[in-house]
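Quick notes on the structure that follows.
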2 protein chains.
Amino acid sequence: MRPLNPKSKKEILTVAIPLFARSGYSGASMRTIAQKVGVSAAALYHHFQDKQTLYLAAMTQVFSDKADSLEKILSGRTSPEQRLAQFITRLCELVQQDKNFSMLIQREMMDGDESRLKLLASEVYYTLFEGVTELCQELGPKHDPYLLAISIIGIVMYHFQTTAIRPYLPYSKEQHSDPKVVARHITKLVLQGLGIDYPE
Amino acid sequence: MRPLNPKSKKEILTVAIPLFARSGYSGASMRTIAQKVGVSAAALYHHFQDKQTLYLAAMTQVFSDKADSLEKILSGRTSPEQRLAQFITRLCELVQQDKNFSMLIQREMMDGDESRLKLLASEVYYTLFEGVTELCQELGPKHDPYLLAISIIGIVMYHFQTTAIRPYLPYSKEQHSDPKVVARHITKLVLQGLGIDYPE
DNA sequence: TATAATTAACTTAACGTTTGTTAAGGAAAG
DNA sequence: CTTTCCTTAACAAACGTTAAGTTAATTATA
């Protein structure tokens, strides 16, 4: 009989995303995804042409609208220092609250072929990166804005990438996973690194 | 007939390492590794109990001695500023010249279960991290030394993790991949971030 | 010193499993 | 009566792994 709750594309993606994030493309099988959805493996092919298509749809879904709130901050009319602080804080929150997002970005940067890297760049990074680079230029000519932009984004990403190994490292404390604490640390470091006094 | 050039464990590892780095554990098959070595898949089982064992041996080989040169710098008797500058420069060189190293670290942080994370921590990170944290304490109490240590290592790692996607981002220039340029940028940023004047 | 026994380093062939994917069909909603 | 959303069954290919046999170098024995 026809199922009472037909599974939509979105439901499948919702299940597939964390599986791809945790196990990678080759690590997450169609059967595993199907099972978690509560459906046969063949059913997935009713919604998606093949695994690649499903994977790409998952990527696009995770990436969409993610950069929006960040771009809004970057194009705000407050002072550059405030925009930087807000940007860092927001990025920390984002990365902390949606682990799939940062894990999938990471995987794409390692596994992605040219076409998928282009997708990642255009869908997530490009405009965002442009905004950060321009903000860096505003903040002062002390550093190469490109290198500075990568540094800022990199610090944030890395702090949360290392979450899993953190417990096995010395001096580790719980507060180091708090996005607010991390955000303040990074903001302070970067602003002072730019020769700007950081209030409080 | 018996092969004229019997393949040693090390030769197999030399081939396996870049394959694991590029494709991950499940992405690199025993047959692929064997083919690249120039040997049958079954031959690998003469040298290693199973795939897990081969993988772990590859990890250990890549990680061994990697942290040594860095630890030497950290325990040097020069000024803290100099040690930081040297450390950052050396880490940039290391990560740039052995891509397998940083890719495998990255994969382990994502894929590794508890036992493998412990291996990674004890084999690569622990002593190194301890050294950087202590250096950070010496450099001044302006920041939490733990967060600062992660930030420093993170900036370096991220700069080289993003190499693949770099060409598709705005403002990208070739010099941004030069470890010397990156090292100088990071050193300047961090030292100024600590309120220390960076010479030159 | 010649020869027999052992061992290291493989080979081919096959195993059972899992993989992505397809074919054929069925039930229910519009 | 078509379309949507699924099912079970099956496919060939690739997977990790093992069994059994082969060759050549090494070692032990006579």
Side-chain angles (χ1 to χ4, degrees), chain A residues 1-61 104 107-108 110-113 115-116, chain B residues 1-61 104 107-108 110-113 115-116:
Chain A
M1 61 196 126
R2 183 177 186 185
L4 297 172
N5 296 336
K7 313 283 178 179
S8 65
K9 282 196 174 195
K10 223 163 205 168
E11 281 182 76
I12 296 173
L13 291 181
T14 306
V15 167
I17 284 165
L19 287 175
F20 279 132
R22 226 169 291 155
S23 316
Y25 180 80
S26 53
S29 77
M30 294 297 268
R31 278 176 177 82
T32 311
I33 295 167
Q35 197 197 334
K36 276 243 173 186
V37 177
V39 105
S40 76
L44 301 181
Y45 289 85
H46 176 72
H47 296 279
F48 302 94
Q49 207 178 61
D50 53 20
K51 194 184 181 183
Q52 281 274 358
T53 309
L54 167 57
Y55 180 73
L56 236 89
M59 285 302 126
T60 313
Q61 156 119 339
L104 284 173
R107 290 207 183 274
E108 280 300 279
M110 307 189 74
D111 301 349
D113 54 7
S115 72
R116 262 161 52 193
Chain B
M1 62 194 123
R2 183 178 186 184
L4 297 172
N5 296 338
K7 313 284 177 180
S8 65
K9 282 195 176 196
K10 224 164 205 170
E11 281 181 76
I12 295 173
L13 291 181
T14 307
V15 168
I17 285 165
L19 286 176
F20 279 130
R22 227 168 290 155
S23 315
Y25 180 79
S26 51
S29 77
M30 294 298 267
R31 280 175 176 85
T32 311
I33 296 168
Q35 197 198 334
K36 275 242 172 189
V37 176
V39 103
S40 76
L44 301 181
Y45 290 84
H46 176 72
H47 297 279
F48 302 94
Q49 208 178 59
D50 54 18
K51 193 184 180 183
Q52 281 273 359
T53 309
L54 168 56
Y55 179 73
L56 236 87
M59 286 301 126
T60 314
Q61 154 116 342
L104 284 172
R107 290 207 183 274
E108 280 299 279
M110 307 189 75
D111 301 348
D113 55 7
S115 72
R116 262 160 54 192

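In this text, all values refer to a predicted model and were calculated from it rather than measured experimentally. In what follows, every chain begins at residue 1, and chains take the letters A, B, ... in the order their sequences are listed.
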As a test of reading the structure: which of [options] is closest to the side chain of [X], going by heavy atoms?
X       : options                : value
A/His46 : C/dT22, D/dC6, D/dT18  : D/dC6
B/Lys51 : D/dG16, C/dC10, C/dG20 : D/dG16
B/Arg31 : C/dC10, C/dA13, D/dC15 : D/dC15
B/Ala41 : D/dT17, C/dT11, D/dT7  : D/dT17
B/Tyr45 : D/dC6, C/dC10, D/dT17  : D/dT17
B/Val39 : D/dC6, C/dC10, C/dT22  : C/dC10

Look at the aromatic rings of B/Tyr55 and B/Tyr25 and report parallel, tilted or perpendicular, splitting at 30° and 60°.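 The arrangement is perpendicular - the two ring planes meet at more than 60°.
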Using a heavy-atom cut-off of 4.0 Å across all strands, would you classify B/Ser29 as base, sugar-phosphate, or nothing?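 Since only primed, P, OP1 and OP2 atoms lie under 4.0 Å of B/Ser29, the category is sugar-phosphate.
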* Looking at every strand, decide which applies to A/Ala28 at a 4.0 Å heavy-atom threshold: base, sugar-phosphate, or nothing. =>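 If one applies the 4.0 Å heavy-atom cut-off, A/Ala28 turns out to touch the sugar-phosphate alone, with no base involved.
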Measuring from B/Asp50:CG to B/Leu56:CG, what's the distance to the nearest 0.5 Å?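 If we round to the nearest 0.5 Å, B/Asp50:CG and B/Leu56:CG are 10.0 Å apart.
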Okay, side chain of A/Arg107, backbone of A/Arg22: is any donor-acceptor separation there less than 3.5 Å?
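It does hold such a pair.
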Atom [atom1] of [X] and atom [atom2] of [N]: how far apart are they, to the nearest Å?
X       : N      : atom1 : atom2 : result
A/Glu11 : D/dC5  : CD    : C1'   : 12 Å
B/Phe20 : D/dG16 : CZ    : C1'   : 12 Å
B/Met30 : D/dA13 : CE    : P     : 23 Å
B/Leu44 : D/dT17 : CG    : C1'   : 11 Å
B/Gln49 : D/dG16 : CD    : P     : 16 Å
B/Phe48 : C/dC10 : CZ    : P     : 11 Å

**Message:** If you assign A/Asp50 and B/Gly38 each to the DNA chain C nucleotide with the nearest heavy atom, which residue ends up on the more 5' nucleotide?
**Reply:**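 In this pair, the answer is B/Gly38.
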- Contact under 4.0 Å: A/Ser40 side-chain N or O vs D/dT7 OP1/OP2: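 It does, given that an N or O in the side chain of A/Ser40 lies less than 4.0 Å from OP1 or OP2 of D/dT7.
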Inset, instruction - Report yes if at least one side-chain N or O of A/His47 is closer than 4.0 Å to OP1 or OP2 of D/dT4; otherwise report no. - result: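 Answer is no, no contact under 4.0 Å.
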Identify which one of A/His47, A/Gln49, A/Met30 satisfies the side chain to side chain contact (heavy atoms under 4.5 Å, CB included) criterion when paired with A/Leu54.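 Of the listed residues A/His47, A/Gln49, A/Met30, the side chain to side chain contact (heavy atoms under 4.5 Å, CB included) partner of A/Leu54 is A/Met30.
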Practice problem: Evaluate side-chain contact (heavy atoms from CB on, under 4.5 Å) for B/Glu11 paired with B/Val37, printing each intermediate quantity in order. | Solution: CA-CA 8 Å; B/Glu11 281 181 76; B/Val37 176; 5.5 Å; no
